[in-house]
Every structure is written in structure tokens, then in C-alpha cells.
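Below: the structure, in C-alpha cells.
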Amino acid sequence: MKRIKINRLLASDTSIDKVLVKGWVRTKRDSKEFSFMELNDGSCLKNIQIIADSQLENYSQIGVITTGSAIGVEGRLVESPGKGQKWEIHADSVEIINIAPEDYPLQKKRHSDEFLRTIAHLRARTNKYGAAFRIRSEMAFAIHKFYNEKGFRYLHTPIITGSDCEGAGEMFRVTSLEPDAVAKAGKMDFNQDFFAHEANLTVSGQLSAEMFALALGDVYTFGPTFRAENSNTSRHVAEFWMVEPEMAFCDLDGNMDHAEELVKYLTLHAVTNCSEDIAVFTDFVDKGLKKVLDTLIQQEYARISYDDAIDLLLKSKKEFEYKVESGKDLQSEHERFLAEEYFKKPVFLINYPEKIKPFYMRLNDDGRTVAAVDLLVPRIGELIGGSQREERLEMLEQRMDKMGLSKETYWWYLDSRRFGSVPHAGFGMGFERFLMLITGITNIRDVIPFPRTPGNIDF
RNA sequence: UCCCCAGUAGCUCAGUCGGCAGAGCAAGUGGCUGUUAACCACUAGGUCCGCGGUUCAAAUCCGUGCUGGGGAGCCA
């Protein structure tokens, strides 16, 4: 007999004479005549209640079943006379697949996130993390669905790159050289290395994506990204996933329109398709989340220039720990003030001083700012960072010279501005940060299965 | 990397002025019940994060290291 998943059973309209379910026991309540078990198979948040009565052949064995044990149950799906569930299964037979010993760490009580992080291999078996990772899966699918519907091409950019500098933080070195040999030589001899060149893990697929946007029109990447920054915060991990659309014939406004459409689409998809799992977070994790989600979906996001934002911050009379200063990057507290207190919704910040932004961003007509865009959201800060790209060869070369970047290294990038260059734009959205936003989870380590952070690569 | 806070039973935490190590939950045993974070009784459970110091006496005070959390920087 083929097993049926619990989410399908719970959605049943009628009782069913014979069903087979398999899963893990979340909790069990015994008496002499009955045993009630809550069975969860990960297909949905809810458990199905199993009633095993003393008539069962192996009823004596039922007694040894513990929280965390794996069992298979064949029986009848019937309406439950008890409160709290519509359906339950009256077991005809119970197969014990594996008994979890008494030292099973997950109890039928609330655990702290810190403790669950130490047992990351088991935490998906809890309601909260099960819900979080089902939502993560559904959101990954929704990203592909969104882009497929819009006619974007999905691009696989390299994980290993040879670019010395992509302008986005410290990189993880990739090498096949033996550490002993390197120590003996006193340096890394790249000529002897696998690629005969310095190699790193990617910090962004953007430059590659630009090449393909100028060929396929609209493309996006969605994959892992690596940053070797020694940053220890609730918003940073060394390995994370990023969505990076890149659009030909698109300017900064089009870029923002697209970003807003993406965030709205994904949030709406989560609310409609993961309502049960989302409810875990609106009900238990963050009482204000419902409002956040409504705002994300319904409100028009604010758009403001860097200069206006500085003015606004200066006029706010708000006491900041760090002084607001034109020409400098905004501090976290400034970003939070804008998104959380002033606008109370996502806000696009555009046209930053060229001095504090990377070489590839398009220089504005004022000659002082570039067509950069950050999307700031309440509680997270920067969710999206992007720009209209500099498509004019001379301007690009000037900016690279100014920043001391080697034009030889980027010869292929510059080529794209030589042959049929067109205005184009794109951005990167941190997938984990988006998940934090829609779940109210406050630590990024809790929205990725096995987080990598400085000094921690367990699991 | 910097600043702040914390570390006591499997988990969550209390522990007063330095004076015998505690509770709830979980676990084990027994009882009871169409139960549902079931309930009742009993039992067991400790390197008080490690190391060093002060003291007649340290979970408690001091130093140091480790681990975790919050914040900052960097960014997504």
C-alpha cells in the first residue's frame, strides 16, 4: 500500500477506509485502553492524531514509542469526536520503524532558538523551523515562477571566479595547492595552482549576469554567494543565497519598479500559499508581522534620493548616536529611522555619492552621484542593493581609473560596452533577509538550514 | 574586529549580604482518563562554562580564557 502524506489527508472531504501514513511521533498520551499519538511527516504544520487501541496485535509494543520515534500506521481516516482536529486515524496496525531513545533532545515544549541552533540537524522537526523551511522552499519556487512568468531567463553564473575584485568584501580563496607546499615556498604561486590564476568563491553573479542581459535581454541568477567578512551580526552569514535580476534597456526607475513588483509578488505568494505556516509567525513569533505583510503587499514603497534623505534626517530632530553627514554612508540607525519610523514601509534610497559606491554604477548628470538604489525595509535594513549600470565606455573607464582598477582584468566587461552597449540595470536581493522579513525571524542563522558564520561550520 | 550582556540539572530559569544546590518542564516508575503543551504520585538527575586568585568559607568577589546573545562596522 502506498503511503499518503498528512497534508492531503487533513484536506480530505470524506472519511477513508484504508490509509497508510508514515512519520515521526511528536507526542503521545497513553492509557490502558488507548494510546493517542500526534504524527507529523513534514508535509505540513499540523499533526494527525492516531488512536491505537488495546485490540491491536502489537499493543504492548506501542508503549515503547517515544517522542521522536518513526512509525507507520495503517488504518481508517474518520471524523474525530474530540476537540482540536477534524480528522484522526484509527489504527489497524502500527509499524515501529525506529524508536528514539530517551535522550532525544526535542521535547514537546518551547525551546530557545539558541539551543535549537546547537542541534541544527534536528531543529527542522519543530513547528517553527519546519514552517520556516517549508516557506523557504516555497519562496525559492516562487522566485522561479515570477521570473518565468515575466519571460526572464535563469542564468547559472560561476561559483568559482577569477576576478580579483568584485568590490563586495573579502573573498574565500579557492586553491588546489597543498598548504605544506605553500608554507615551504613562503607564498602562493598561482602559476602552479589549478587555474594558473588566483581564484575565489563568488561574491556576486552580477558582472556575468550583465553579459547575458546584453544577450538574452532579461536574466536572473539565484544561487549561493560567499563573503569572508568577519562580521558577526544577526543579518550576516558567510554563505547565503541571492537573487540577482539584470535587465537590458532598463533604467533606475525600471529597476525600482521591478524590485517592488518582486517583493510584492513573493510576499503575496507566501501569504496565499503558505498561510498555515505563516500563521505560526504572525501568531507566535511576531505579533506585528501581519501588519508588516499587509504593508509589503498593499503600500506603494517610498522613493527618495540620498540628498533628500540626508536633509530629512538632519531635520528629524532625532538624537542619533552617529552624526548624519552628507557624503558619507548612512548608519544602521539612520536607515532604521527612515524605514521604521519615518516612512513606516519599504523605502528606496537612490542617487548616492559616487565616492561611496562601486565602479560599475552609472554616473548621474550631476557628475557627483551615481544611479544606485538600496531598498531599506523595517527591522532588516538593506534588503536590496543595485543600480543602473554605467553603459558608456568612456565614463566606465574613467571611473575605473579613478578607483585604480585594472582595465586589463576587466577586458571582457569593457568589451560589452564596446559592442552594442545599452542602458541596463539590476540588483541583488538577499534571499535569507527576505525570509527574515516575511517571517519575523530576527536572526539570519535561523532561516538557512546550516548557517556558516565566522568560527562555525558545524553540520 | 570593537562595545555591552550572559553561561547553574536534558531544556527554561531562580539562587537575597559570600555561609548545606533549587523550581517548572522533560526523563524513569506506578496510577488514571476520548486524550490533545493531558492529569496525579513517586524516583533519579549537578565539573554551578574552563583555569588561576582572594577568603575560615565562592554559583556568588577579582583576573583570564572559551562559548553564546545583543549592538557597531561591512554588506545582501
Side-chain angles (χ1 to χ4, degrees), chain A residues 26-39 46-53 63-64 66-68 78 80-85 88 90 100-119 126-127 166-170 203-206 222 224-244 259 284 320-322 328-336 356-358 374-377 380-386 427-437 442-448 453-456 458:
Chain A
R26 284 290 178 82
T27 176
K28 183 159 76 92
R29 297 174 288 273
D30 287 323
S31 71
K32 270 189 199 124
E33 301 299 316
F34 293 107
S35 188
F36 294 93
M37 287 174 283
E38 299 280 341
L39 196 68
K46 285 203 176 80
N47 311 316
I48 194 153
Q49 176 163 276
I50 310 289
I51 295 91
D53 67 41
V64 306
T66 52
T67 296
V78 297
S80 175
K83 282 181 183 167
Q85 63 277 320
E88 62 185 24
H90 284 210
E102 65 196 55
D103 58 349
Y104 181 63
L106 291 172
Q107 302 163 9
K108 45 188 173 187
K109 60 166 262 188
R110 211 192 145 273
H111 289 289
S112 67
D113 293 324
E114 290 80 10
F115 170 67
L116 292 172
R117 234 168 267 153
T118 68
I119 50 167
T126 64
N127 285 341
E166 292 185 25
E170 294 294 310
V203 292
S204 165
Q206 179 201 318
F222 180 36
T225 307
F226 308 88
R227 304 275 166 91
E229 287 291 348
N230 186 18
S231 54
N232 210 319
T233 80
S234 56
R235 303 184 308 281
H236 292 85
V237 277
E239 177 182 312
F240 63 97
W241 282 59
M242 189 155 63
V243 189
E244 293 179 286
F284 301 114
F320 292 112
E321 197 180 328
Y322 293 89
K328 285 197 166 178
D329 228 338
L330 296 181
Q331 302 284 332
S332 281
E333 56 175 341
H334 306 149
E335 297 183 347
R336 251 183 285 121
I356 58 172
K357 288 293 180 185
D374 282 357
L375 178 62
L376 309 178
V377 297
I380 315 288
E382 188 177 344
L383 173 69
I384 283 172
F427 60 82
M429 181 178 81
F431 186 49
E432 284 77 16
R433 287 190 180 174
F434 175 74
L435 294 174
M436 292 169 74
L437 178 66
T442 52
N443 194 314
I444 197 167
R445 296 172 184 86
D446 297 336
V447 293
I448 189 164
T453 51
N456 188 356
D458 286 342

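The chains referred to below are lettered A, B, ... by the order of the sequence lines, with proteins before strands, and numbering in each begins at 1. In this text, all values refer to a predicted model and were calculated from it rather than measured experimentally.
- Residues forming a salt bridge (Lys or Arg N to Asp or Glu O under 4.0 Å) with A:D53 (at least two apart in sequence, or on another chain): none.
- For A:Q49, the side chain to side chain contact (heavy atoms under 4.5 Å, CB included) partners are A:R29, A:F36, A:E38, A:I51, A:S80, A:Q85, A:E88, not counting sequence neighbours.
- Residues meeting the salt bridge (Lys or Arg N to Asp or Glu O under 4.0 Å) test with A:E432, sequence neighbours left out: A:R136.
- Shown here are the side chain to side chain contact (heavy atoms under 4.5 Å, CB included) partners of A:K357, two or more places apart in sequence or in another chain: A:Y352, A:M361, A:V370, A:A372, A:D374.
- For A:T66, the side-chain hydrogen bond (donor to acceptor under 3.5 Å, both in side chains) criterion is met by A:S69, not counting sequence neighbours.
- In this structure, B:G10 forms a base pair with B:C25, meeting either the Watson-Crick or the G-U wobble geometry with both donor-acceptor distances under 3.5 Å.
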Pairs: protein N or O with nucleotides 30-32 of chain B N or O, under 3.5 Å:
residue	atom	partner	partner atom	Å
B:C32	OP1	A:K32	NZ	3.3
B:C32	OP2	A:K32	NZ	2.2

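- The side-chain hydrogen bond (donor to acceptor under 3.5 Å, both in side chains) check on A:E333 picks up nothing, with sequence neighbours excluded.
- Residues that satisfy the side chain to side chain contact (heavy atoms under 4.5 Å, CB included) test with A:P454, not counting sequence neighbours, are A:N230.
- The salt bridge (Lys or Arg N to Asp or Glu O under 4.0 Å) pairs that include a residue from residues 103-117 of chain A are A:D113-A:K128, A:R117-A:D446, where partners are two or more places apart or lie in different chains.
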Listed pairs under 3.5 Å, donor-acceptor, residues 231-238 of chain A side chains, sequence neighbours left out:
residue	atom	partner	partner atom	Å
A:N232	OD1	A:R445	NH2	2.8
A:T233	OG1	A:R235	N	2.9
A:T233	OG1	A:H236	N	3.3
A:T233	OG1	A:H236	ND1	2.6
A:H236	NE2	A:R433	NH2	3.4

Report each atom pair, protein N/O against N/O of nucleotides 22-26 of chain B, whose distance is under 3.5 angstrom.
residue	atom	partner	partner atom	Å
B:A26	O4'	A:Q107	OE1	3.4

Listing time: all N or O pairs from protein to nucleotides 66-71 of chain B that are below 3.5 Å?
residue	atom	partner	partner atom	Å
B:G69	OP1	A:R117	NH1	2.5
B:G70	OP1	A:N443	ND2	3.4
B:G70	OP2	A:N443	ND2	3.4
B:G71	OP2	A:S234	OG	3.3

